Amino acid sequence: MAASIYSIAQHLALMISNEADFLFGVQDQAQLLSNEIRLMSSALRDASEKRRTRNEVEEWLNQVRDVVMEAEDVIDFFFFRAGRQRYRNILTRYICYPNLLYNLHKFGREIENSNKKINQLSVRRSMLGLATTEAGQSSVDMNRNKQDPPFLRVDRVEEFCVIGLEEEEKKIVNKLLVQWMEPQRPCSTVVVSIVGMGGSGKTTLARKVYKRIDVKEHFQTRAWISVSQQYRIKDLLLVIIEQIKPLTSKEKKELNVESLIHRLKSHLRETTYLIVFDDLWRPEDWDMLKQALPVQGEGFQSRVLVTTRNETVARCADPSTDPYFQRLLNEDESWSLFLTKVMGSKYYSGCLEDLEDLGQKIVHKCHGLPLAIVVLGGLLSIKPKTHIVWSKILDGVNWELNQNERSCQRVLALSYTDLPDHLKPCFLYVGVFPEDSEIPRYKLIWLWVAEGFIQPRGRLTMEDVAEDYLEELIQRSMIQATGRSYDGRVTTCRIHDLVRDLAISEAKQERFLEVVGSYSENLMISPNKPRRLSIIEFPGGMHMHDSPTNALNQGTTAPPPNHLRSLLCLSGNIERNMWVKKSLYGAMKLLRVLDLEGAPLGSIPSRLLKQIGKLILLKYLSLRGSFLEKLPSSIGDLQNLQTLDLGSTHFTQLPMTMMKLQQLRNLVFATTLGVGLQDFDCPLDHMTNLQTLMLHEGKWMRRLDKLTNLRALLIISEGSRSYSYKEALLNAIPKLNHLRGLCLTCFECKEALVLPVSFSHHLELYHMYLEGIIGIRDFPSNLTTLTLSFQGGQLVDELMANLKKLPKLRCLVLSMADLGSKIIFSADGFRQLEELILHKLYDLQELTMEEGALPNLRVLRILHCSALKRLPCGLKQMFTLQELTLTEELEYRVRKDTGDDWEIIKHIPSIETKSNSVFLRNFYYQWC
């Protein structure tokens with residue numbers, strides 16, 4: 001509940017601030033409403049905890065939700081009508097807006113009515129005894145300080161065993177038992193942390209380590225304490241002391257926190273101890289607990305073991321010790337754990353031969369999460385082992401996991417409850433993406449910004465703040481980072497299916513978001529009028545995350561379109577869907593987000609497509625891969641548009657009306673292969689908010705130097721334009737000092753384009769992709785990723801001399817380059833290079849890697865270098881190399897035992913040969 005109300009409060013405050021001049025006469029009332037909603041949202045944190053035990057609080061919460069959403073409708077409709085009139089008239093608004101005064105009067109009455117309802121609910125809030133908190137403080141923070149004894153999991157032992165984590169167990173034990181030789185440590189006690197998502201087996205692994213004989217013998221004193229979310233510091237101290245030297249009943253009552261800390265320090269000071277703090281949630285929890293740990297003298301090797309879902313807690317507990325990140329189980333480990341729960345042994349599976357296929361499918365649904373595997377395995381252990389029973393369990397996996405007495409969702413929900421308010425809507429929003437999908441960082445962040453979830457922070461861009469939000473969700477184990485660029489930024493992420501189910505369930509309850517299938521022309525969704533709708537094509541035509549019954553059949557026909565703020569159609573089966581048509585025809589007037597990526601919209605009549613200009617509140621529009629052939633000129637009416645994604649489309653021209661989109665932050669345009677774009681002559685210099693620009697070359701480049709806020713720039717040149725591509729770049733590049741990623745292509749040119757420009761002052765530029773470009777005088781000193789693709793015109797010795805000096809270069813790709821027959825990697829350069837790709841160097845015959853060269857190389861790919869006579873002998877000394885990929889023309893040289901180069905490369909763990917070279921990652925989208 002708090003997430004939806006908080007996001008609405010943020011949205012209203014931002015709109016009132018940005019449109020203050022439009023609220024003449026009613027601004028005070030509007031501001032009062034915004035303030036009251038903010039206050040109400042702070043009370044929701046307490047109400048959310050109490051609603052489980054008090055029906056009247058649940059009723060109050062529902063009333064608050066309805067009133068706040070009603071107020072949002074009032075404000076959005078006013079700005080929609082006012083914005084439409086403002087666009088239609090060019091003279092002074094009070095002379096030429098005959099309806100504006102009427103709208104203001106009507107708006108004032110509606111705001112006053114909303115304020116009355118909010119005030120009544122505020123009175124009711126006081127009667128219910130609901131407390132308000134400061135922004136950002138969680139309900140857990142409030143309850144933790146109450147006098148009622150909290151629920152302490154004093155000695156909770158997770159029942160399931162850990163399969164396949166023997167090596168991880170050894171690593172943790174080694175960290176606990178090895179003697180640390182760091183005399184400069186600020187505290188002699190080393191803290192070893194295990195970080196992972198809920199249900200991943202952190203506590204079980206810690207318990208196995210805690211019970212080991214060698215651990216018991218090494219430490220004179222041991223204690224285990226489960227902290228959980230709610231606690232009192234005195235109770236925790238008592239639990240620890242009771243395991244070391246029990247107190248009398250009188251001492252327990254009389255000793256205060258300070259006395260307990262003093263006594264515990266005295267006990268621990270003259271002994272070697274191991275204390276396990278299981279389930280730490282916040283850094284401030286550690287700050288409080290560490291007061292009871294003594295600073296021991298030299299020679300003592302005491303340890304603290306921490307389990308947590310939050311990486312920040314681990315870093316805070318011991319900045320000098322890297323935490324261990326609990327991984328999920330692979331398929332074999334998952335199956336072994338499943339058999340252990342179903343049959344009592346991972347080796348006894350004889351009677352499951354007929355059911356193994358079903359069992360494997362059930363296990364796959366758990367995606368390596370031990371708690372989920374144990375819940376389902378335990379359920380099946382008491383069920384008849386028949387095909388019918390197991391098929392029913394497979395069909396209702398999600399329902400079983402959430403209804404079971406050891407509900408996975410209850411365990412995972414603790415992480416959601418602990419999120420600060422500003423992160424809750426961001427987390428719930430991830431539920432819009434399909435199961436198992438890799439989510440591009442750039443898209444997720446652009447959507448968050450458009451939805452209004454991001455709070456301004458100093459001089460940082462909204463995108464930078466959003467990136468911090470994403471990192472915090474990753475650190476809290478709510479989202480998994482599946483890819484990072486070499487500058488450390490997340491490129492792709494995903495969410496575990498069970499965590500996604502949690503997000504969808506919470507979002508639906510709050511009317512924040514609903515996810516439905518695309519299999520029907522007229523969608524059936526629940527009648528609670530959600531603010532956001534995600535249409536996804538589910539396997540088998542249905543999706544079950546609430547119960548075995550298809551939740552979509554429980555609803556009525558779709559709510560009135562104007563209740564929707566976001567429509568995301570992440571499906572290829574929506575060409576007949578009325579929701580898509582209504583959005584394109586402008587019927588959903590209050591939409592802020594319209595994502596039609598991959599939708600086959602080519603059959604939409606152009607006369608109807610023009611109506612899209614009616615969506616004047618729209619901030620995000622994606623038509624990527626939609627097969628549209630013409631963009632209507634009405635696109636220029638979208639005065640609030642921040643992101644326009646036209647990637648992989650069939651457009652041959654863009655309308656000049658795009659020059660009116662002054663709020664654009666991200667403009668992405670690239671035609672599909674074989675579709676050319678006519679010369680684009682629309683001036684963009686007034687789009688000073690642009691962060692990302694991806695566009696074909698054209699006359700618009702004349703003022704490229706004005707776009708000084710650009711972070712990512714991609715320009716495609718086909719070498720056939722009359723306008724000087726080179727002149728524009730030479731003029732603009734020295735002024736674009738905030739670039740982080742630069743991609744310049746000049747393909748289908750007869751010869752490479754010489755661009756004698758220096759990037760020495762581009763300190764934020766980390767990634768470059770240059771195709772058909774040569775002659776760069778100085779590369780950026782902080783460059784981490786570089787792709788060079790050209791033919792002729794570049795001297796190999798001069799190029800390598802420049803590149804080897806780059807102190808932070810970690811990935812180098814040389815593709816289709818006429819660099820001659822010999823390349824040498826000397827020992828005095830490329831000290832940080834981790835990945836080297838040589839692609840289609842057809843003239844390359846000799847590759848030399850001197851002794852001591854490339855000391856950090858992990859990945860080497862040599863693809864379609866057909867003239868290469870042999871692999872470099874220097875590979876034999878490269879023990880950091882983990883992956884070697886070759887195309888088939890060199891395959892015979894690395895055959896085990898018989899290949900001529902086998903002795904050189906046999907120490908490399910992963911050696912792979914490929915018949916094609918589909919390997920080049922789309923680096924550009926890692927930079928956005």
Side-chain angles (χ1 to χ4, degrees), residues 442 445-446 449 459-464 467 485-487 489 642-644 658-659 661-670 680-717 721 723-746 753-788 802 806 808-809 922-928:
Y442 73 90
I445 284 178
W446 291 352
V449 172
R459 300 178 64 181
L460 290 178
T461 66
M462 301 291 275
E463 290 77 9
D464 285 341
E467 200 162 338
S485 59
Y486 278 107
D487 63 345
R489 300 170 68 200
Q642 295 177 351
T643 294
L644 179 59
M658 284 181 56
M659 65 183 297
L661 304 179
Q662 298 188 26
Q663 300 301 316
L664 269 185
R665 304 178 72 87
N666 309 289
L667 174 58
V668 175
F669 176 78
F680 186 51
D681 193 18
C682 178
L684 304 180
D685 56 296
H686 56 287
M687 298 183 184
T688 55
N689 291 319
L690 273 176
Q691 307 281 316
T692 303
L693 178 60
M694 178 178 178
L695 198 57
H696 293 254
E697 71 165 316
K699 294 180 181 178
W700 64 269
M701 291 180 63
R702 286 175 293 191
R703 299 179 182 176
L704 176 61
D705 61 308
K706 304 297 182 182
L707 305 180
T708 56
N709 286 317
L710 281 175
R711 263 54 174 181
L713 173 64
L714 182 148
I715 303 177
I716 301 171
S717 172
R721 305 292 186 213
Y723 183 70
S724 175
Y725 180 70
K726 177 178 179 179
E727 180 182 341
L729 292 176
L730 288 175
N731 181 47
I733 286 177
K735 302 174 185 178
L736 305 181
N737 290 325
H738 293 297
L739 283 176
R740 296 174 181 170
L742 176 64
C743 181
L744 301 176
T745 69
C746 190
L753 174 65
V754 180
L755 194 65
V757 66
S758 172
F759 289 92
S760 60
H761 297 295
H762 289 70
L763 301 180
E764 300 177 31
L765 186 51
Y766 300 109
H767 311 279
M768 293 182 70
Y769 183 109
L770 302 176
E771 182 175 354
I773 308 289
I774 64 174
I776 303 297
R777 293 204 306 263
D778 297 297
F779 287 93
S781 59
N782 290 322
L783 197 65
T784 62
T785 305
L786 175 62
T787 297
L788 297 175
N802 286 334
L806 297 176
K808 299 182 180 180
L809 188 64
N922 193 338
F923 288 115
Y924 174 75
Y925 286 106
Q926 300 183 14
W927 311 336
C928 297

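Keep in mind that this is a model prediction, so the values were computed, not measured.
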Ignoring hydrogens, what is the shortest heavy-atom contact between [X] and [Y]? Give both atom names and the distance.
X: Arg777; Y: Pro756; value: NH1-O, 2.7 Å
X: Leu753; Y: Cys746; value: CB-SG, 4.3 Å
X: Leu707; Y: Met687; value: CD2-O, 3.5 Å
X: Val754; Y: Gly775; value: CG1-CA, 4.3 Å
X: Pro734; Y: Asn737; value: O-OD1, 3.2 Å

Margin query: Check Asp464 with Arg459, please: is the shortest side-chain N to carboxylate O separation under 4.0 Å?
Written below: no
Margin query: Tell me whether Glu467 is salt-bridged to Arg489, with the criterion being a basic N under 4.0 Å from an acidic carboxylate O.
Written below: yes
[atom1] of [X] to [atom2] of [Y]: how many Å apart, nearest 0.5 Å?
X: Cys682; Y: Trp700; atom1: SG; atom2: CH2; answer: 11.0 Å
X: Met658; Y: Leu684; atom1: CE; atom2: CG; answer: 7.0 Å
X: His767; Y: Arg740; atom1: NE2; atom2: CZ; answer: 9.5 Å
X: Leu742; Y: Arg711; atom1: CG; atom2: CZ; answer: 14.5 Å
X: Ile445; Y: Gln691; atom1: CD1; atom2: CD; answer: 11.0 Å
X: Gln663; Y: Leu690; atom1: CD; atom2: CG; answer: 11.0 Å

Would you check if [X] and [Y] make a side-chain contact, meaning some heavy-atom pair closer than 4.5 Å?
X: Leu729; Y: Leu744; answer: yes
X: Leu788; Y: Tyr769; answer: no
X: Leu644; Y: Val668; answer: no

Note to self: Show, in sequence, the C-alpha distance, side-chain angles and deciding distance for Asp685 and Arg703, and conclude whether the salt bridge (charged side-chain N to carboxylate O under 4.0 Å, His left out) test is met.
What the structure shows: CA-CA 6 Å; Asp685 56 296; Arg703 299 179 182 176; 3.3 Å; yes
Has [X] got a side-chain atom pairing as donor or acceptor with [Y]'s backbone, closer than 3.5 angstrom?
X: His762; Y: Ile733; value: yes
X: Asn709; Y: Thr688; value: yes
X: His696; Y: Ile715; value: no

Checklist line | side chain to side chain donor-acceptor pair (under 3.5 Å) between Ser717 and Glu697, intermediate numbers included | finding: CA-CA 5 Å; Ser717 172; Glu697 71 165 316; 2.5 Å; yes
Notebook entry, point to check: Does a side chain donor of either Asp778 or Ser758 reach within less than 3.5 Å of an acceptor in the other side chain?
Noted result: yes
Next item on the list: Quickly, which of Thr784, Asn782, Asp487 forms a side-chain hydrogen bond (donor to acceptor under 3.5 Å, both in side chains) with Lys808? Name it, please.
Entry: Asn782
